[in-house]
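Encoded as structure tokens, the structure appears first; notes follow it.
Order of listing sets the numbers, starting from 1, for every ligand and every atom in it. Just so you know, these numbers come straight off a predicted model, no measurement behind them.
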Amino acid sequence: MHVPSRISAKPRLRRSASLTTLALLGALAAATVLPALAPSAQAQGGQPDYVAGELIVQFKADATDAERAAALARVAGRVRKGIGGPAARGNGVAGPAVAATGLAVPDAIRRLQNDPAVEFAEPNWRVTHQEVSTDTHYANGSLWGVYSSDKPAAGPSATTNVFGSQAEQSWAAGRVGSSNVYVGVIDEGIDVSHPDLVQNIWVNPGEIAGNGVDDDGNGYADDIHGWDFANEDSSVYDGPAGDTTVDSHGTHVAGTIGAASNGRGVVGVCWNVKMISAKFLAPGGGSVSDAVEAVRYFIDLKKNRGVNIVALNNSWGGGGYSQAMMDAIVDAAKEGILFVAAAGNSGRNTDLWTNYPSCYNTTQAAGYDSVIAVAAIDKTGSRPSWSNYGQSTVDLAAPGAGIVSTLPNGYLGAKDGTSMAAPHVTGAAALYAASRPGATAAGIRSAVLNAAAGTPTKSMSRKCTTSGRLNVTGF
Ligand code: CA
């Protein structure tokens, strides 16, 4: 499994040096104290990279109840929960399900693979977020990822960065997003009360908060801001007051996508957007089955409830190929939902060392590739040693080192990783969708990639399909 490189266990406080340079953004209190960063999730040394005693199994549609029961009996198994979407919750009859097994996972898979009732059986891979330690990059103290090469005509920006995403240029042209564009954040939870996020967090109009009833009938009671697939409850933010570690990664990712422009703190690439939280990572990571369920949740929201979900942000990775995950991404692609994925932090060529989910490709199954795999660059345009790359499996680079964004309980802080690069691209997709409401997912993806191809970047030359970096000029 691919593991974040270094983990800083020792909390430290630093003072931001130059956050006040963001006056253009209407932003940022001076001298914000950056809180300690979260201890990063990482694989447990020596343990297998799948959940022990658990499988993902999908029965054939025409298998009878008796045949399913017989197959499960062969592996001392039982279905724990269906992950095929709201209609399949709890029974596992339609689509994939998580099953407990009394056998070792490889043995159980071998037994089920040839069972006539079984479509596929696979490990429930463990996955982690794609953040790396920020020690060396920590105190850059700027939102360089949204800067542009030239000072925009409107606004008093004092800082430029040719390697920024150029988001400033779109804002200056009045393109700042739309509250009718929705993105899903499949990650840790999000502090939905953070003052920079609250106005851009989805509020489910079909639910009455706290009544314990699934008012909108989507299978999830009180899913006001999304769902916590890790804990199976409606609370997508679980940190205590004053804490900056619990749900830190998800909160940071959300801020890069869509922190509001509100005269304080930070701003995201897309100022107006609605973010829906699918929490599935806990401090120790998560399982791919919960990510599958999250994607199915978003498909239902778009397909059956009219929520205009443009993209899903996936700043996580690990484990091997999952048919259940691939099927979910394909079904999302068919609903016009892009799947933006961090390329991973192993410093490897993913053409050779496959990284999931960034290496899934839906071209054959959906008629276009909905996956956008994102490497990281730093503010000098270099590709950090930890960023994965791949001429055929990574699409573009985006800012991913020294990225300042939101942390729980109103804090701000910097993080590093392809985890931080992916949400710049998700924000860009949202920005493009907002200014061109008729754009298809394939069209949005082409726009993002064409713009990157038009922005050649030395460190990415022949290291990704575009050899370039995120550039949202004109989005
Ligand atoms: Ca509900």
Side-chain angles (χ1 to χ4, degrees), residues 79-98 179-194 197-239 246-247 250-251 253-254 257-258 273-282 286-314 324-325 327-329 331-332 334-337 339 426 430:
V79 169
R80 282 201 168 131
K81 66 169 178 173
I83 55 171
R89 287 197 88 206
N91 58 43
V93 171
V98 175
S179 59
N180 190 40
V181 169
Y182 298 72
V183 298
V185 180
I186 302 177
D187 206 289
E188 293 178 346
I190 299 171
D191 179 357
V192 293
S193 301
H194 193 293
L197 300 176
V198 62
Q199 77 185 69
N200 285 344
I201 298 291
W202 180 61
V203 178
N204 184 349
E207 281 289 325
I208 299 163
N211 67 353
V213 175
D214 180 14
D215 300 290
D216 61 2
N218 72 342
Y220 300 88
D222 294 343
D223 56 326
I224 301 294
H225 304 301
W227 190 255
D228 179 344
F229 294 90
N231 298 307
E232 286 288 342
D233 63 37
S234 62
S235 162
V236 296
Y237 174 63
D238 295 316
V246 175
D247 293 321
T251 299
V253 162
I257 297 168
V273 64
K274 291 299 177 197
M275 295 182 282
I276 308 172
S277 174
K279 174 173 178 169
F280 88 111
L281 294 174
S287 65
V288 77
S289 64
D290 284 334
V292 169
E293 197 178 0
V295 173
R296 297 285 175 192
Y297 172 81
F298 289 122
I299 292 170
D300 175 72
L301 284 183
K302 183 161 194 181
K303 186 176 183 179
N304 301 322
R305 292 156 214 287
V307 181
N308 180 33
I309 298 171
V310 168
L312 307 178
N313 190 82
N314 296 273
M325 192 73 228
D327 291 347
I329 296 170
D331 286 347
K334 289 174 177 172
E335 294 303 323
I337 302 174
F339 190 92
T426 300

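- Between the side chain of D247 and the backbone N or O of E188, no donor-acceptor pair lies under 3.5 Å.
- Counting heavy atoms from C-beta on, the side chains of I201 and I190 come closer than 4.5 Å.
- In this structure, a donor-acceptor pair under 3.5 Å is absent between the side chains of D222 and S234.
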Q: Show your working on ring pair (Phe, Tyr, Trp, His ring centres under 6.0 Å) between F339 and F298 and close with a plain yes or no.
A: CA-CA 11 Å; F339 190 92; F298 289 122; over 10 Å; no

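- With sequence neighbours left out, the side chain to side chain contact (heavy atoms under 4.5 Å, CB included) criterion links D331 to R296, I299, K334.
- Less than 3.0 Å away from the Ca ion (ligand 1), the protein contributes these N/O/S atoms: E207 OE2, D214 OD1, D216 OD1, N218 OD1, Y220 O, D223 OD1.
- Scanning both residues, D214 and G219, for their nearest heavy atoms gives OD2-N, 2.6 Å.
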